[in-house]
Amino acid sequence: MKEKKGHQADRRKFLVGMGVAGAAATLAGPALAASAISCNVRWDHEHELVIIGSGFAGLAAAIQAKRLGAKNVVIYEKMPVFGGNSAYNGGLFAIPNTPLQKQEGVKDSPEIMAADQAKAGRGVADKELLLHVAKNAGDALQMTLDAGAEYFPYLQQLGGHSVPRTYQTTVACGAGITQPLIKECKKLGVRLVNRAKFDSLIFDDKGKVIGAKILEGHYFGRGKEGNPVNVRSERGVLVATGGFARNIGLRSAQDPTLTAEVPSTNPPNATGEAMLELFDVGAVPVHMAYIQTGPWASPDEDGFGYVSNYSIYNFAHSLSIYIKTGRRFMNEIADRKTRSDAQLACRDDDGKPLPPITITSYKHAKEHPTMKKVLKYGVGWKFDSLEEIAKQYNIPLKPLKEQVKEYNGYVKSGVDEQFGKPMEKAKGKFIEGPFVVIRNWPKVHYCQGGAKIDVQARVIDSTTWKPIPGLYAAGEVTGGMHGVSRLGSCSIPDCMVMGMTAAKTMMNA
Ligand SMILES: Cc1cc2nc3c(=O)[nH]c(=O)nc-3n(C[C@H](O)[C@H](O)[C@H](O)COP(=O)(O)OP(=O)(O)OC[C@H]3O[C@@H](n4cnc5c(N)ncnc54)[C@H](O)[C@@H]3O)c2cc1C
């Protein structure tokens, strides 16, 4: 075995010669707590290519591997259902240079998209990765279309994007992509195994990842870890296990403001233990403290709910109002960090949160399917006049009326003199009654941090700064691509392109 410096080498040496079965008996607990060396491993299953996690990254990788001729591809998923965070997602997908942009007369390029993202990343984003993703996002879109995904026939301009470039699934949800991809995986013969939790990696005596320990029959959140099996993978292991927004200990250790009291849009399985295993075997942790909050979320419902997608669509032609002053306090389509920070500063005289309201003309709000649900489920409200709104939320009426008048002037001139909001998507959309009002308050949404990868999706070793042989990662489990703040609709291209890239690298290795 080629020895590594540091604790990991010691841990691995400890396991050499014992074999996994012997080590399992020695270590406490139902699961093996450490990655292992392969000597004497009894393999329970053997595959050509092993993928952990069934979100965008894992599914795209599996399809790409199959297209490149892989015979035996398996996805292990710890939950009973496949799709991960990706299935809950808003279905918003940024792609530069698309036929829809040409149709709408929008000039764009991968370089412009990557530059928008780098700007939101505040100087520490990985520009090489961003450009790689932007250049290949069209292929990822095509993969979803080939699988049967459907998108609205118009583009949206999300916060921080300099032009409209965002598609959205017609179900306004990531399941509009994951379901067709899962179907495609099945059609291509990919094995999808649920209730199978990845525990640790298995190395050969040269330090190459050749398999994984999986806990079969895992019951998430019910105290049943599952039975350990050793899974061999001829082409290495791809870890595509998503972020850690629901691991409160880990996230608040990075950012002490993100305690259990701050809600999250993520489902409970976003716990990040597979990422910790990557760090344990030497992967470089990057940007772990950059944890994004979503400025479109609502304090009136749990999780992503209905308001998030509603706000994402409507912010471009709405105005957000600070209740205390009756005035706008931000560019409604600035990047997420800028808006979240501005919202979190909206406080009452005692410093308690005072969620701002967002006002949209009913006739424009109703263009998006989420408005009906927002009203139906009582997380948004219809008002006939500004007087009613001011009364309901205790907003000073005069400044509110002046603000709306002023804003309508910007709609007319196409220039937001207050906050520099791009007004392209607000063209002709004056703020006029009747109105729809929602409240916004940020929720923990996305982890920019994770394991460092290179542009071929290889996991980088913190002692050698070279790829760890046989180990790949893609999607939200990786870190560094987006820097301080990821732009909306840019995770789908990231996950899918890097999943596809990982598959290519693994098939060529
Ligand atoms: C509510 C919501 C809305 C969003 N909307 C958008 C949007 O519209 N556009 C956009 O670009 N981004 C959006 N995002 C972000 C984006 O959805 C995620 O970043 C993306 O889905 C992550 O994909 P992934 O493949 O990396 O991981 P995931 O989709 O999270 O999949 C990872 C899978 O790995 C499994 N897993 C984890 N640990 C283990 C383990 N130890 N063993 C086995 N399996 C494991 C998980 O259960 C999960 O199924 C949204 C996120 C949320 C939460």
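Counting starts at 1 for both ligands and their atoms, in listed order. Hydrogens, waters and symmetry mates are skipped; everything else that's a heavy atom, side chains included, is used.
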(Q) Can you list everything that forms a ring-ring contact (aromatic ring centres under 6.0 Å, His included) with Tyr306? Sequence neighbours excluded, please. (A) Tyr377
Q) For ligand 1, what are the residues with a heavy-atom contact below 4.0 Å? A) Ile52, Gly53, Ser54, Gly55, Phe56, Ala57, Tyr76, Glu77, Lys78, Met79, Gly83, Gly84, Asn85, Ser86, Tyr88, Asn89, Gly90, Gly91, Leu92, Ala196, Lys197, Phe198, Ala240, Thr241, Gly242, Thr265, Asn266, Asn269, Glu273, Phe304, His445, Tyr446, Gly475, Glu476, Arg486, Ser489, Cys490, Ser491, Ile492, Cys495
Q) Which residue, Val50, Val229, Val193, Asn230, forms the side-chain contact (heavy atoms from CB on, under 4.5 Å) with His45? A) Val229
Q. Are any of the side-chain nitrogens in Asp454 or Arg458 under 4.0 Å away from the carboxylate oxygens of its partner?
A. yes
Q | With sequence neighbours excluded, residues passing side chain to side chain donor-acceptor pair (under 3.5 Å) with His317 | A | Asn314
**Q.** Pairing of Lys421 and Glu332 as salt bridge, 4.0 angstrom limit
**A.** yes
**Q.** For Ser233, all residues meeting side chain to side chain donor-acceptor pair (under 3.5 Å), sequence neighbours excluded
**A.** none
